[in-house]
Enquirer: 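The following block contains the structure, expressed as structure tokens.
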2 protein chains.
Amino acid sequence: MAIRLTDVANEAGVSLATASRVLNGSARKPAAEISDRVRAAAEKLGYFPNAQAQALARASTKLVGLVVRDIADPYFSTIARGVQRGLGDSGTQLLLASTDSEPEREIEAVRSFMSQRTDAIILSGSRGLSEDAALLRLIGSYQENGGQVIVIGQPLASTGGIQIDNETTSENLAEELIRSGHRRFVVLAGDENLLTSRDRAQGFLRKLKRTGLSAVGVVHGAFSREGAYMAMSDFLRGRKSEEDAQQLCVFCVSDVMALGAIRAIRESGLRVPEDIAVVGFDDIPTLEDVTPGISTARLPLEEIGRWAGEMVLSHGEARKTVVAGTPVLRESTKLHAGNR
Amino acid sequence: MAIRLTDVANEAGVSLATASRVLNGSARKPAAEISDRVRAAAEKLGYFPNAQAQALARASTKLVGLVVRDIADPYFSTIARGVQRGLGDSGTQLLLASTDSEPEREIEAVRSFMSQRTDAIILSGSRGLSEDAALLRLIGSYQENGGQVIVIGQPLASTGGIQIDNETTSENLAEELIRSGHRRFVVLAGDENLLTSRDRAQGFLRKLKRTGLSAVGVVHGAFSREGAYMAMSDFLRGRKSEEDAQQLCVFCVSDVMALGAIRAIRESGLRVPEDIAVVGFDDIPTLEDVTPGISTARLPLEEIGRWAGEMVLSHGEARKTVVAGTPVLRESTKLHAGNR
DNA sequence: TGAGTTTGGGAATGCGCTTTCCACGATAGT
DNA sequence: ACTATCGTGGAAAGCGCATTCCCAAACTCA
């Protein structure tokens with residue numbers, strides 16, 4: 001049905017080979033007069049190269065797969081935008097898959113991308129604590145066949161990517177908070193099986209310990225807004241009695257969780273930061289519109305995505321980059337006078 | 001390099017045809033014993049079908065293209081999530097393209113999707129006022145070749161999709177606001193060349209007129225957070241003098257714009273809603289975390305995306321669905337006592 | 001038991017394109 | 001003037017798979 005290169009070649013009165021050479025970047029450039037004729041024919045017929053056929057013949061699709069946990073989560077959508085920016089106008093297309101936090105769906109996504117023979121796969125969802133052997137095997141064979149794997153967050157086996165130093169960042173964040181006067185911390189630690197949440201919580205707790213402090217509480221739950229909402233609600237219910245103690249500071253291992261926690265705090269009739277201070281992690285764009293301004297550890301999310309995209313283009317040989325976040329204290333952790 | 005079906009066939013000691021029949025859903029089912037042998041061989045070798053080759057042989061990729069303006073915008077990322085949900089586990093892969101609001105990039109994206117021979121293209125960015133002839137031509141030839149085009153927002157030529165009744169929704173929103181006591185409106189109308197912003201502004205203004213009211217001001221600008229921020233800032237600068245008049249209500253043609261406007265209002269030292277009320281449009285998830293709660297017209301964004309995804313699967317023959325938003329008044333439009 | 005019928009595996013073709021490999025004429029070099 | 005080289009277009013061989021034929025073996029039924 002669609003116009004094929006053969007049709008264009010006939011229309012222009014040249015061979016298939018010649019048509020191919022003029023329309024697609026070949027090393028050999030046919031004569032100007034012929035080229036024009038072919039281009040005119042292509043234009044006239046409305047020719048579109050069949051990317052599948054090209055991929056088959058060239059053994060290279062210009063496709064890259066991005067797997068995220070949830071594209072509607074600002075953290076991931078910001079990274080996704082960065083990846084697209086990084087890919088720029090290279091003509092590389094982005095294949096998107098969401099896992100909804102289910103490991104099997106991540107494997108499914110990778111499997112699917114492998115079938116599509118994407119040139120690269122960018123994994124931005126958080127790695128699990130115990131690395132799934134099946135995923136590792138999959139990735140290994142993908143790399144053997146020339147596929148590039150870029151992991152955002154934690155390093156995974158022999159893959160390159162952008163590593164986020166969650167532990168150090170959390171330590172710095174804790175330090176900053178302590179310096180600002182906070183002493184009583186609660187950690188909403190998210191999912192204890194996810195590397196990201198574990199590292200962030202551990203870094204924070206370690207700093208506390210080194211300073212001679214210890215957390216008032218460490219609550220686990222889902223690594224999401226809802227998870228934090230529930231965890232925080234539970235926590236608040238559990239300590240109804242002991243009021244007027246010194247102001248509490250709740251460290252959430254992600255901004256999205258901080259938002260959920262704030263919701264829970266408010267619903268229980270308390271105020272942020274007057275009654276309870278809240279800190280997040282990531283500095284997602286959403287924070288710009290939230291009041292009070294939420295303290296957090298700033299990660300250059302869009303840039304991280306952009307780097308990943310650029311790595312794909314440069315065929316970077318498993319380059320690794322490490323980035324750390326910078327603490328940003330805003331109103332949500334302002335120490336309230338009555339609560340010092 | 002990668003394992004081919006031929007390799008599997010050899011390993012299993014059967015023909016290519018047989019291997020193909022057992023591994024991919026063919027009408028003919030080879031004998032159980034043979035099937036098992038083939039599957040074992042595939043498993044052992046770690047075989048992955050080459051999607052490009054399959055697409056070529058079958059004349060059907062299981063690909064659908066989604067074009068958005070900006071994937072980091074909650075409006076689009078929510079729709080994107082819906083689309084993925086709608087596609088479910090059908091095995092259909094999503095190709096994502098962002099246009100950054102540039103019409104040429106939209107054309108480029110469609111062109112690219114056509115090259116990829118996607119089974120369907122979902123256009124969710126806002127249509128321009130004057131439809132680009134090049135885009136129409138492209139879409140026409142895509143449809144002729146069996147491609148499905150689904151437009152979210154406004155109808156486009158002979159395409160199906162989910163149409164949003166912006167005008168009526170805006171009218172209802174205006175009505176609700178008037179009923180709640182507001183009388184003095186400013187409209188941040190966004191880009192006057194985009195159908196979406198124009199319709200929303202017009203619907204609102206029409207209702208005002210019918211009620212015997214007229215807008216205090218109509219300000220145009222970019223259809224984005226920044227655009228609204230600037231438009232609002234300008235507006236506020238322009239009327240420094242006339243204070244203590246009756247409370248103003250600013251209607252922004254999208255939630256994202258409302259967020260920008262609020263930022264501008266606050267920076268100029270005013271409060272929402274005490275000094276100025278603000279309404280948005282869309283009810284993006286972000287609003288859950290913003291204080292004060294922003295009044296808006298609720299659109300079932302995720303569902304809209306889901307419908308689009310389901311339409312793709314059902315090969316819906318240009319089905320059209322129309323949805324209208326429902327007004328939701330929250331604190332941002334609460335009438336302040338001192339300003340009646 | 002023999003003709004007709006089904007069943008199931010294999011050979012071969014083609015999907016649309018890229019890319020050797022060839023052939024041929026033009027140009028250069030001695 | 002004759003060969004060595006280059007430049008250019010075309011023929012043809014795949015890329016990895018689905019699928020249409022084809023054919024042999026296993027059945028069916030009388």
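Below, chains carry the letters A, B, ... as their sequence lines are ordered, and counting in each starts from 1.
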Enquirer: Give a yes/no on whether any side-chain N or O of A/N50 is located under 4.0 angstrom from OP1 or OP2 of C/dC15.
Expert: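 Indeed not, no polar side-chain atom of A/N50 lies that close.
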
Enquirer: Between B/I34 and A/N24, which has a closest nucleotide on DNA chain C that is more 5'?
Expert: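 Residue closer to the 5' terminus by nearest nucleotide: B/I34.
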
Enquirer: Counting only non-hydrogen atoms, which of residues 6-16 of chain A are less than 4.0 Å from DNA chain C?
Expert: A/L16

Enquirer: So, are B/D100 and B/R69 salt-bridged, with charged N and O less than 4.0 Å apart?
Expert: no

Enquirer: Roughly how many Å is it from CG in B/L23 to P in D/dG16, rounded to a whole number?
Expert: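 Result: 16 Å.
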
Enquirer: Between atom CD in A/Q52 and atom C1' in C/dT18, what is the gap in whole Å?
Expert: 15 Å

Enquirer: Between C1' on C/dT7 and CD on B/E33, what's the gap in Å once rounded to a whole number?
Expert: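 B/E33 atom CD is separated from C/dT7 atom C1' by 16 Å.
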
Enquirer: Can you tell whether the side chains of B/R306 and B/E303 come within less than 4.0 Å, N to carboxylate O?
Expert: yes

Enquirer: Rounded to the nearest Å, what distance is computed from the CD atom of residue B/Q54 to the C1' atom of nucleotide D/dC17?
Expert: 7 Å

Enquirer: Does this structure show an ion pair linking A/D119 with A/K62, if we count only N-O contacts that are shorter than 4.0 Å?
Expert: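 No.
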
Enquirer: On DNA chain C, nearest-nucleotide positions of B/P30 versus B/A53: which is more 5'?
Expert: B/P30

Enquirer: B/K29 has an atom NZ; how far is it from atom C1' of C/dT6, in whole Å?
Expert: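 One finds 19 Å between C1' of C/dT6 and NZ of B/K29, rounded.
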
Enquirer: Walk along nucleotides 20-26 of chain D from 5' to 3' and tag each nucleotide B, S or - by protein heavy-atom contact under 4.0 Å, base first, then sugar-phosphate.
Expert: BB-----

Enquirer: With a 4.0 Å cut-off on N to O distance, would you call A/R127 and A/E106 a salt bridge?
Expert: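 Salt bridge: yes.
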
Enquirer: Please determine, by modelled atom types, if B/Q163 and B/T321 share a side-chain donor-acceptor pair under 3.5 angstrom.
Expert: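 No - no donor-acceptor pair under 3.5 Å links their side chains.
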
Enquirer: Quick one about A/T61 and B/Q52 (side-chain donor to acceptor, distance below 3.5 Å, no hydrogens or angles considered), yes or no?
Expert: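 There is no such pair between these side chains.
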
Enquirer: Specify the residue among A/R58 and A/T18 whose closest nucleotide of DNA chain D lies further upstream toward the 5′ end.
Expert: A/T18

Enquirer: Pairing donors with acceptors under 3.5 angstrom, does anything connect the side chains of B/S112 and A/Q93?
Expert: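 Yes, a side-chain donor-acceptor pair sits under 3.5 Å.
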
Enquirer: Please give, in whole Å, the distance from C/dG10 C1' to B/R37 CZ?
Expert: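 Nearest whole value for this atom pair: 14 Å.
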
Enquirer: Between atom CG in A/L5 and atom P in D/dC15, what is the gap in whole Å?
Expert: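 After rounding, the gap between these two atoms is 20 Å.
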
Enquirer: Measure the distance from CG on A/L56 to P on D/dC17 and round it to the nearest whole Å.
Expert: 9 Å

Enquirer: Can you tell me if B/K44 has over 12 outside heavy atoms packed within less than 6.0 Å of its NZ?
Expert: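 Count not over threshold, so no.
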
Enquirer: Does the side chain of A/Y142 pick up a donor-acceptor pair with the side chain of A/T118 at under 3.5 Å?
Expert: yes

Enquirer: Would you classify A/A55 as touching base, sugar-phosphate or nothing, given that sugar-phosphate means primed atoms plus P, OP1 and OP2, and contacts are heavy atoms under 4.0 Å?
Expert: nothing

